[in-house]
Amino acid sequence: MGFGVLRFSIWGLLLLNLACCSRGFTPVDSYYVNCGSSNVVSVGNITYVADKSAAKYLSTPQDILADSNLNSITPADDSPLFRTARIFNGPSKYTFSIKQGGRHWIRLHFFPFVYQSYDMKSASFSVFAAKTTLLSDFTPKDAIVKEYSVNVGTGDLVITFSPSSNSFAYVNALEVVSVPDNLIADVAPLYSTTGQFTGLMSQSLQTVARLNMGGPFVSLVNDTLGRSWNSDGPYLNQPNLATSESNIPAVQYPDGGATREIAPPTVYGTCTKMNSGSDPNSKFNVTWDIPVDPGFQYLIRLHFCDIVSTSAIEIVFNVYIDTYLVYQDLELAQKLNMKLATAFFMDYVTPLLNKNNMSVSIGPSPRSGYPDAFLNGLEILKINNSRGSLAGASVMPAFPKSKKNLGMIVGVSVGVLVAFILVGILFFMHRRRKLERLKYSKTWVPISVNGGISHTMGSKYSTGTTVSVGSNLSYRIPFVAVQDATNNFDESWVIGVGGFGKVYKGVFHDGTKVAVKRGNPKSQQGLAEFRTEIEMLSQFRHRHLVSLIGYCDERNEMILVYEYMENGTVKSHLYGSNLPSLGWKERLEICIGAARGLHYLHTGYAKAVIHRDVKSANILLDESFMAKVADFGLSKTGPEIDQTHVSTAVKGSFGYLDPEYFRRQQLTEKSDVYSFGVVLFEVLCARPVIDPSLPREMVNLAEWAMKWQKKGQLDQIIDQNLVGKIKPDSLRKFGETAEKCLADYGVDRPSMGDVLWNLEYALQLQEAVVHNDPEENSTNAIGQLSPQVGEFNQVDTTTSVAQFETSSVDDLSGVSMSRVFSQLVKSEGR
């Protein structure tokens, strides 16, 4: 992972800002080496000495000075530091005398080019310093600067370059510079617990990200410590939710606390904030996603300066790191004695991360008079692990010794080798036993998704732990938060049981209701379904798809957390419960909502997504009875553009299963259409799709309903609660739609877009009114309408929706039907 990748524009900005340079800190130790060069180079106000002048610092088996100009190769970046390089074909080291112990920057500049037989893009090497592995088997592929902060004592600091087997090492430029003692404190809070991380002063750190929120790149000449600050734009999760402000002249520093060394005014004077606009009810988080290396802890520094408020008590907001609320109701004016535009920062240390992405979010607090939040700067520093490494487990290279020590070296080497072998065997055995124990366990990494609205919730067990569901991420939720939300998985809170496991109602500490699906380790639906559910739902955000709030994989658990659907499943409102019966209009609207959700799955992404388990039990209803499709554990991405189907094992639910899919094991979107056709008859007849207690000809709902539909007597088998309440033309259109869905061959079935179109029309037929009809019954008039409106096979799909709307309305001959096609021009429509 690289920091500070330099580009033409960055270099140009650096030179343009040269006149603005202000360096308030004077380092005691400062070494700047232009490696591989015989010339002195100045960058800003920093002078890099020629490599030959620094030869006294270097010990290497062979002098190899590479110059890109010799091969007429121009570096991708115009930095003079990248024009030359020192190549090492064996273990080599720089030794610098340290006058003042304490923290020091080590910056390594790399730019690969070809020099004679050395292609630097193929180089592989490790770097060590101050008892720390800085890089392990590293291969720079582009211009990059690696920045480290290490604690060294007085005496010598040795930086060692060790080529990997059959390779070589190189470096273009090298810096060793003192850091102010107060830049990083020894103690910082652990945001995931109530504890603290102590001993930061002795740890080695690597800069992963240093971001200037809401502003451009800040070059080293505008930073008193020679740091570079990148723009935060590329890291924003949803840029449309954020806007920026700038007021650099207003920045002031408090007496005690933040200083210009902590961050310069060019950082504190700009910010990224919520793009609330004029909406006083905005409820979303602004989130940044930063790639990180798993297996390490990180120091996170957040920079704030209120250049946004117009009064001293206006903005109050919350700050999140990953799933944790690290600061609730942050009000800078109050914290800083009512002074606006005053610099302030906070440090936190993460737990050991097991993922490759970290998020930082800001969001409004209910206490704020107006929803807003801002962040001025962000730094993320990797902390060395217990092996003293910031990279992999490389071994410090051995340098040539005198012959008298050779025997001892060989003996020690053999002993170390034997020890490593024994450790390896023990580790392998331990690992194998652990894998056996984790038969039903797997750790997933949060997946980037698109779209959606933020949700936040918390647990009283987590001492500030809050699950912040960012607008574009599915988050891991701590087990204690789920346990608390479900009253320790109280059996009386179970609201459903499926093939995956039980579903519990849950309530987070802030009152947010959720549905918690807890996997049963003995279930046949295990890891594959768990992962598919996360991957599918994290890709899609749609009002007619149930939203995934997050997941938990701690303690061998497989838990999925969804938005809570107050009115349960469609199935429970049709039969098998004592719930009130749904009216025909309500049923049509539910079918339309579910069709929109499925239509979006089939068309709203680069590849179609086939649900594979469409049924009334997987269509849920929220508090306003809006339908949402749920349960994506069996979902599958559709065929490639040049393919007609996906070959896969048959999965689904009896009674809803596409017979063509069952026969050929060839899955297409039309398999969902068939299942949805069964749902349509289920909604109309209010009976199970398979009922063995009934006479043989009635056992299978689809077969039974199709017989009556083909006889034109579908009204004989509808739900008794609907008798006399469905207008004949609405029933006719609904029955024809279901019939087309249940065609034997997928090619003869309509698309979900066509199904949606016809259901919308069935609803309009139910609601239509004829002018001057005292009984407001337009059935007879509508029966005379142009027949192509309701026929799948007679619709010319090349005709635009607007043209179709005009011709159809013209055919109404005075019937007031202005709303008939009112929704068909929407993106969900035909």
Side-chain angles (χ1 to χ4, degrees), residues 3-4 21-37 39-60 81 86 88 91-109 127-135 145-162 171-186 199-207 210 220-228 259-264 299 379 381 383-384 388 390 396 399:
F3 168 74
C21 175
S22 174
R23 301 184 62 81
F25 171 72
T26 302
V28 175
D29 299 307
S30 58
Y31 298 95
Y32 300 93
V33 181
N34 183 23
C35 301
S37 174
N39 299 318
V40 172
V41 169
S42 293
V43 177
N45 65 336
I46 298 175
T47 299
Y48 291 78
V49 301
D51 193 55
K52 288 189 175 180
S53 301
K56 59 183 178 180
Y57 306 128
L58 177 63
S59 173
T60 184
L81 297 177
R86 167 73 74 166
F88 310 108
S92 306
K93 58 184 178 182
Y94 285 92
T95 303
F96 300 100
S97 177
I98 301 302
K99 301 175 184 176
Q100 179 175 302
R103 282 210 170 272
H104 285 66
W105 298 122
I106 296 178
R107 296 189 182 105
L108 307 174
H109 301 247
V127 181
F128 309 88
K131 299 180 181 179
T132 303
T133 302
L134 305 182
L135 294 167
V145 178
K146 293 285 191 177
E147 182 183 87
Y148 305 90
S149 173
V150 299
N151 197 339
V152 297
T154 56
D156 290 339
L157 169 63
V158 178
I159 302 176
T160 302
F161 292 80
S162 176
V171 64
N172 299 79
L174 180 66
E175 302 176 34
V176 175
V177 187
S178 298
V179 176
D181 291 336
N182 60 354
L183 184 65
I184 296 175
D186 191 57
L200 271 174
M201 288 294 295
S202 62
Q203 305 298 309
S204 295
L205 309 173
Q206 178 186 349
T207 304
R210 184 179 290 123
L220 59 90
V221 297
N222 281 331
D223 184 286
T224 57
L225 300 184
R227 296 165 297 192
S228 297
T259 63
R260 290 176 182 269
E261 280 68 47
I262 296 297
L299 171 64
E379 293 178 84
L381 306 174
I383 303 173
N384 65 256
L390 286 164
M396 183 73 78
F399 290 90

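Because only heavy atoms are used, hydrogens play no part in the values below, and waters and symmetry mates are left out as well, while side chains stay in. Predicted, not measured: the structure shown is a model, and the values here were computed from it.
- With rounding to the nearest 0.5 angstrom, the CG atom of L174 is 8.0 Å from the CD1 atom of I106.
- Paired with I184 under the rule side chain to side chain contact (heavy atoms under 4.5 Å, CB included), one option of L381, N151, V179 passes, and it is L381.
- For Y32 against S30, the heavy-atom pair with the smallest separation is CE1-CB, 3.8 Å.
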Which is it for F88 and K93 under the side chain to side chain contact (heavy atoms under 4.5 Å, CB included) test, yes or no, and what are the steps along the way? CA-CA 10 Å; F88 310 108; K93 58 184 178 182; over 6 Å; no

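- The CZ atom of R227 lies 8.0 Å from the CD atom of E261; values are rounded to the nearest 0.5 Å.
- Side chains of S162 and V127 form no contact here, defined as non-hydrogen atoms less than 4.5 Å apart.
- Side-chain atoms of N172 and C35, non-hydrogen and from C-beta on, never get closer than 4.5 Å to each other.
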Might you work through the side chain to side chain contact (heavy atoms under 4.5 Å, CB included) test for L390 and T133, ending with a clear yes or no? CA-CA 6 Å; L390 286 164; T133 302; over 6 Å; no

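- Under the 4.5 Å side-chain criterion, counting only non-hydrogen atoms from C-beta, H104 is not in contact with Y31.
- A 4.5 Å side-chain heavy-atom check between F128 and L134 finds every atom pair outside the cut-off.
- Side-chain atoms of S178 come within 3.5 Å of backbone atoms of D29 as a donor-acceptor pair (strictly under, hydrogens ignored).
- Judged purely by atom type and a 3.5 angstrom limit, D223 has no side-chain atom pairing as donor or acceptor with the backbone of S228.
- The side-chain contact (heavy atoms from CB on, under 4.5 Å) search around T154 returns none, not counting sequence neighbours.
- Rounding to the nearest 0.5 angstrom, the gap separating the OG atom in S202 from the NZ atom in K131 is 11.0 Å.
- The distance between the ring centers of F96 and Y57 falls below 6.0 angstrom.
- Atom CG in N384 sits 11.0 Å away from atom CD in Q206 (nearest 0.5 Å).
- Using a 4.5 Å heavy-atom threshold, the side chains of L135 and L108 count as touching.
- Side chains of R260 and T224: no donor on one and acceptor on the other come within 3.5 Å.
- Side chains of P264 and N222 form no contact here, defined as non-hydrogen atoms less than 4.5 Å apart.
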Going through the checks in order, is the side chain to side chain contact (heavy atoms under 4.5 Å, CB included) test met by S97 and D156? CA-CA 5 Å; S97 177; D156 290 339; 4.2 Å; yes

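- Side chain of S37 to main chain of N34: no donor-acceptor pair is present (N/O by atom type, distance under 3.5 Å, no hydrogens or angles).
- Taking 4.5 Å as the limit, some side-chain heavy atom of Y48 sits within range of a side-chain heavy atom of H109.
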Please step through side chain to side chain contact (heavy atoms under 4.5 Å, CB included) for the pair V33 and E175, ending with a clear verdict. CA-CA 6 Å; V33 181; E175 302 176 34; over 6 Å; no

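- Contact annotation: the side chain of S149 never approaches that of T207 to less than 4.5 Å [non-hydrogen atoms, C-beta and beyond].
- Taking each heavy atom of I262 and N182 in turn, the nearest pair found is CD1-O, 4.5 Å.
- Applying the side-chain hydrogen bond (donor to acceptor under 3.5 Å, both in side chains) test to Y148 and every residue at least two apart in sequence or in another chain returns nothing.
- The CD atom of Q203 sits 9.0 Å away from the CG atom of D186 when rounded to the nearest 0.5 Å.
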